Amino acid sequence: MAARIAARIVVEDVRPTVSDGRYPARAVVGEHLPVSATVWREGHDVIAARVVWRPPGDGRTRYGDMVLAETGMDLFSGVFLPDAVGQWCFRVEAWSDPWATWLRKMTANIVACRCPDELANDFEDGARLLERVAYRPDRSAERDLLLDAAVRLRDHYLLPRERMAGAVARPVADVLREHPVREHVTSSRSYAVWVDPPRAAAGAWYEMFPRSTGGVDAN
């Protein structure tokens, strides 16, 4: 069992692995390879995870989101699709997601009809998170969208649900999903996967028996 701990986040029980990573797992080209890990932390903040993989040689690192498959077990799952023969490497990254944590908190507060004055600091926290993403150098294309949503959160003349409307709108949600606010990022160790050609998955079991190879007296 391998685990990396940073800022109270733990990533453990990463699969697929063989003998805790001493040997590579096996896959074939074009096969969706499921990846899972147990990810947890102290407290009640929302955590997120993704699988990061690298093809043989100097190929570009890629990644895909993992989803919480079993809430009570803190089990996250994802897949990646190897498209070349050779030894691939993958790892699982996890982090605290302050935006998802904020959304969960605000949704509960608004459903409970909390007084707007009591939510002033919370609305300000959300606006600052939006600005944090908006002012990233690579997010100039979505900057106006995010800043407009931040301005709406600070507009105390609007009702709470109206102030939240921009923050939960689909375009804003898409940006925050693709470019999340990540805090306390924790990574598992890297694990190897040896990827064979597709024909490696087509062998028949009976080919392993002596009588099917010839030269052996069946009697």
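Predicted model, so just to flag it, every value in this text is computed and none were measured. The chain is numbered in sequence order, starting from 1.
Remark: His32 engages Val79, Leu81 in a side-chain contact (heavy atoms from CB on, under 4.5 Å) (not counting sequence neighbours). Scanning for side chain to side chain donor-acceptor pair (under 3.5 Å) contacts around Asp196 gives Arg26, Trp194, with sequence neighbours left out. Taking the salt bridge (Lys or Arg N to Asp or Glu O under 4.0 Å) definition, one finds that Arg128 meets it with Glu124, sequence neighbours left out. Remark: Glu42 pairs with Arg8 by the salt bridge (Lys or Arg N to Asp or Glu O under 4.0 Å) rule, at least two apart or across chains. Residues that satisfy the side-chain contact (heavy atoms from CB on, under 4.5 Å) test with Val168, not counting sequence neighbours, are Leu103, Met164. When the side-chain contact (heavy atoms from CB on, under 4.5 Å) test is applied to Ala192, the partners found at least two apart in sequence or on another chain are Pro24, Gln87. Take Arg136 and apply the salt bridge (Lys or Arg N to Asp or Glu O under 4.0 Å) test, not counting sequence neighbours, and it matches no residue. Considering only residues two or more places apart in sequence or on other chains, Ser140 meets the side-chain contact (heavy atoms from CB on, under 4.5 Å) condition with Arg143. When the salt bridge (Lys or Arg N to Asp or Glu O under 4.0 Å) test is applied to Asp74, no partner is found at least two apart in sequence or on another chain.
In this structure, Trp88 is a member of the same hydrophobic cluster as Val85, with clusters built from ILVMFWY side-chain heavy atoms closer than 4.5 Å. No single ILVMFWY cluster, assembled from side-chain heavy atoms under 4.5 Å apart, contains both Trp40 and Val46. Under the 4.5 Å side-chain heavy-atom criterion for ILVMFWY residues, no single connected hydrophobic cluster contains both Val52 and Val35.
Counting only residues at least two apart or on different chains, the salt bridge (charged side-chain N to carboxylate O under 4.0 Å, His left out) pairs with a member in residues 80-97 are Arg50-Glu93, Arg62-Asp83, Arg91-Glu93, Glu93-Arg182. Residue pairs meeting the side-chain hydrogen bond (donor to acceptor under 3.5 Å, both in side chains) criterion with at least one partner in residues 159-171, sequence neighbours excluded, are Arg170-Asp174. For residues 94-141, every residue pair satisfying the ring pair (Phe, Tyr, Trp, His ring centres under 6.0 Å) rule, not counting sequence neighbours, is listed here: Trp99-Trp102.
Between Phe90 and Phe80, the ring planes are tilted. Angles from 30° to 60° get that label.
Of the inter-residue distances, the one linking Asp125 atom CG with Thr101 atom OG1 reads 11.5 Å to the nearest 0.5 angstrom. Note that CG of Leu119 is 11.5 Å distant from CG of Leu153, once rounded to the nearest 0.5 Å. For the atom pair CZ of Arg104 and CE of Met106, the computed distance is 14.0 Å after rounding to the nearest 0.5 Å. Of the inter-residue distances, the one linking Ser77 atom OG with Met66 atom CE reads 6.0 Å to the nearest 0.5 angstrom. The distance from the CD atom of Glu142 to the CG atom of Leu176 is 10.0 Å, given to the nearest 0.5 Å. The CG atom of Leu130 sits 9.0 Å away from the CZ atom of Arg154 when rounded to the nearest 0.5 Å.
Glu31 and Pro82 get closest at one heavy-atom pair: O-CD, 3.2 Å.
Pro160 is listed as a side-chain neighbour of Ile110, based on a closest heavy-atom distance under 4.5 Å. Between Arg41 and Val10, every side-chain heavy-atom pair lies at or beyond the 4.5 Å cut-off. Taking the side chain as every heavy atom from C-beta outward, Glu131 and Leu146 never approach each other to under 4.5 Å. The closest side-chain heavy-atom distance from Cys89 to Tyr191 is not below 4.5 Å.
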| What do the steps show when you test Leu158 against Arg152 for side chain to side chain contact (heavy atoms under 4.5 Å, CB included), and what is the final call? | CA-CA 8 Å; Leu158 298 176; Arg152 191 182 186 96; 3.9 Å; yes

| said: I'd like to know whether Phe76 forms a side chain to side chain contact (heavy atoms under 4.5 Å, CB included) with Val67, so could you lay out the CA-CA distance, the side-chain angles of the two residues, the decisive distance to 0.1 Å, and finally the verdict. | reply: CA-CA 5 Å; Phe76 283 76; Val67 298; 5.9 Å; no

| query | Are Leu68 and Leu75 close enough, and set up right, to give a side chain to side chain contact (heavy atoms under 4.5 Å, CB included), and what steps lead you there? | reply | CA-CA 6 Å; Leu68 186 58; Leu75 181 65; 5.7 Å; no

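No option in Val185, Asp45, Thr186 other than Thr186 meets the side-chain contact (heavy atoms from CB on, under 4.5 Å) test with Ile9.
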